[in-house]
Amino acid sequence: MTPTLIKNLSRHVGEEVEIRGWLFNKRSSGKIAFLIVRDGSGVVQGVLLKTNETAFAAAEMLTQESSLYLRGTVRAEPRATGGYEIDVTQVIPVSIAGEYPISLKEHGVEFLAERRHLWIRTPKQAAILRIRAEIEFALREFFYRNDFVLADAPIITPAACEGTTNLFEIDYHGDKGYLSQSGQLYNEATAAALGRIYCFGPTFRAEKSKTRRHLLEFWMIEAEAAFFDVDDNMRLQEDMVVYVIERVLERCRNELKLLERDISKLEAVKKPFPRISYTDAVALLNKAGEAFEWGDDFGAPHETIIGNHFDSPVFVHRYPTAIKAFYMKPDPEDEKVVLGADLLAPEGYGEIIGGGQRIDDLALLEQRLAEHQLPREAFEWYLDLRRYGSVPHSGFGLGIERTVAWICGLDHIRESIPFPRLLHKMYP
RNA sequence: UCCUCGAUAGCUCAAUGGUAGAGCACGCGGCUGUUAACCGCGGGGUUGUAGGUUCGAGUCCUACUCGAGGAGCCA
């Protein structure tokens with residue numbers, strides 16, 4: 001018999017179907033049994049009476065998370081959560097599960113994290129992962145439709161892109177190599193080759209960060225476009241974020257509902273996003289009673305205060321040169337600040353995008369490398385991009401997990417990725 | 001690295017310094033519409049580790065281990 005996905009049951013009312021899945025839960029009262037089965041696409045309840053002795057006996061054997069084939073007739077049922085039920089004719093166990101460690105009652109974070117490989121079977125975790133997949137798909141769709149070419153950046157790199165942060169070091173057959181913390185410098189090269197490009201891959205930061213916003217390994221989608229200035233860059237980002245939100249609202253209603261996400265907060269995300277300068281943001285913080293001096297970098301609480309002032313994500317642009325990366329282009333109208341812009345998500349989720357316009361002048365870039373005490377030899381190829389047909393160009397990087405956490409309304413980033421890599425935790 | 005909090009049954013949690021408890025899970029029995037089903041019975045513990053105070057420590061003190069949240073750094 002051809003298997004049917006639970007999500008498609010509405011197309012098969014009155015028909016005999018076969019569901020292939022796992023037993024999520026079972027309730028029985030002597031002469032009637034209810035089998036709640038999940039198949040990854042959804043959850044459905046099967047009903048069977050003891051008069052069907054073979055099926056009833058098979059159902060009695062099933063333990064939580066046992067795998068099975070469930071055959072029966074689809075019936076519309078207003079009392080059922082998904083709107084449909086199956087009148088079971090046959091229960092065919094595939095594998096009887098041993099005593100399942102994750103009961104349907106509440107569990108602590110430590111317990112669940114140790115069993116992440118099983119935790120992801122639960123409805124909320126599975127919904128988050130489906131939304132994550134939709135976000136990633138929507139991002140690629142957006143770039144494809146806007147003539148951006150996917151150009152993968154290397155994972156193993158010879159030197160720090162930004163020098164300041166800690167990298168994971170690897171042995172590259174006798175040489176030192178590092179796991180990438182950003183594809184950006186390579187993106188600048190591929191943008192000069194292909195015009196508009198993006199890369200999408202894992203990123204590694206060896207900092208000993210231990211907060212609900214940090215992973216040691218996370219996924220970042222980074223775009224770079226030749227002839228884009230800082231304003232073109234921000235427009236691209238807001239188009240992208242709005243596109244992703246629209247796709248998720250359109251395709252993941254059930255998942256958002258399952259997560260009890262306040263959808264009105266996502267529907268409130270509208271173009272154009274507010275744009276405020278760093279200087280204005282400092283004034284905003286001071287007005288809110290924060291002791292904050294011009295020149296300091298924002299901490300998480302500051303980002304929350306700024307983000308909470310708006311319903312949509314907000315761009316903060318023109319940061320002090322001293323607190324930003326070496327490649328940031330100074331503002332011609334005020335050399336103390338750079339044409340960088342970060343995007344802060346609302347509801348306290350903080351920075352989800354960092355980006356800006358890059359230095360296109362060879363002499364200035366050489367000067368910055370020296371100021372930041374970066375090894376010039378490692379950057380010769382990067383300097384070549386300014387020697388041979390330099391153009392104004394801009395780009396940005398969007399953190400996937402922070403975006404997933406925001407859209408899903410999660411209180412911790414660890415649930416936004418199948419297998420989070422946290423400080424001192426890499427099992428499973 | 002620093003600050004704060006925590007660790008008791010498989011899980012989630014109780015227990016004035018005075019006999020170690022409940023719910024869930026599991027096993028057995030009952031129940032024809034259950035929604036984390038329900039009812040009855042049952043097994044289940046070196047209270048994170050080491051030391052100290054005390055007639056007596058799950059409870060108070062010290063150190064350590066592990067975990068959680070936050071700071072710094074950033075997406």
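Residue numbers start from 1 in every chain, and the chains themselves are labelled A, B, ... in the order their sequence lines are given, proteins ahead of strands.
- A/Q184 and A/E224 share no side-chain donor-acceptor pair at under 3.5 Å.
- Heavy-atom minimum distance, A/T203 versus A/S182: CG2-N, 4.2 Å.
- For B/rA57 and B/rU16, the C1' atoms lie 13 Å apart once the distance is rounded to whole Å.
- A/G354 and A/D342 make their closest contact through CA-OD1, 3.2 Å (heavy atoms, listed as atom of the first residue, atom of the second, distance).
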Q) Using Watson-Crick and G-U wobble pairs with both distances under 3.5 Å, what is the 5'-to-3' dot-bracket string of RNA chain B, with [ ] for crossing pairs and | for pairs outside the strand? A) (((((((..((((....[..)))).(((((.......))))).....(((((..]....))))))))))))....
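- A/I413 CD1 to A/E401 CD: the interatomic distance, rounded to the nearest 0.5 Å, is 5.5 Å.
- The side chain of A/S29 has B/rU32 as its nearest neighbour among B/rU32, B/rC11, B/rC24.
- Taking the ring axis of A/F273 as reference, the NZ or CZ atom of A/R275 does not stay both within 45° of it and closer than 6.0 Å to the ring centre.
- Closest approach to the A/T211 side chain among B/rU32, B/rA71, B/rC74 is made by B/rA71 (side chain taken as heavy atoms from C-beta onward).
- Counting only heavy atoms from C-beta on, A/E110 has its side chain closest to B/rC66 among B/rC66, B/rU34, B/rC74.
- Look at A/R414 and you won't find any side-chain N or O under 4.0 angstrom from OP1 or OP2 of B/rG67.
- Here the separation of B/rC3 from B/rG21, taken at their P atoms, is 39 Å to the nearest Å.
- Listed nucleotides B/rU32, B/rC26, B/rU34 differ in distance to A/E99; the shortest reach to its side chain belongs to B/rC26.
- Contacts between residues 392-405 of chain A and RNA chain B, defined by a heavy-atom separation below 4.0 Å, involve A/G397, A/R402, listed by number.
- Atom C1' of nucleotide B/rC73 and atom CD of A/Q181 are separated by 11 Å, given to the nearest angstrom.
- With centres under 5.5 Å and a plane angle under 30°, the ring of A/F218 is stacked against the base of B/rA75.
- A donor and an acceptor atom never sit less than 3.5 Å apart when one is taken from the side chain of A/E106 and the other from the base of B/rG23.
- Of the candidate nucleotides B/rG33, B/rG69, B/rA75, B/rA75 has the atom nearest to the side chain of A/M220.
- Residue contacts for A/T203: at a heavy-atom cut-off of 4.0 Å it reaches no nucleic acid atom on any strand shown.
- Taking all atoms of both residues into account, the shortest heavy-atom contact from A/W406 to A/V269 is CZ2-CG2, 3.9 Å.
- In this structure, a donor-acceptor pair under 3.5 Å is present between the side chains of A/E141 and A/Y243.
- Nearest nucleotide to the A/R75 side chain, out of B/rA68, B/rG72, B/rG33: B/rG33.
- Side-chain proximity of A/K210 to B/rA68, B/rU34, B/rU32: nearest is B/rA68.
- The base of B/rC73 sits with one of its N or O atoms less than 3.5 Å from a complementary donor or acceptor on the side chain of A/S209.
- Nearest nucleotide to the side chain of A/A300, out of B/rA25, B/rA71, B/rG33: B/rA71.
- Atom C1' of nucleotide B/rU34 and atom CG of A/D87 are separated by 15 Å, given to the nearest angstrom.
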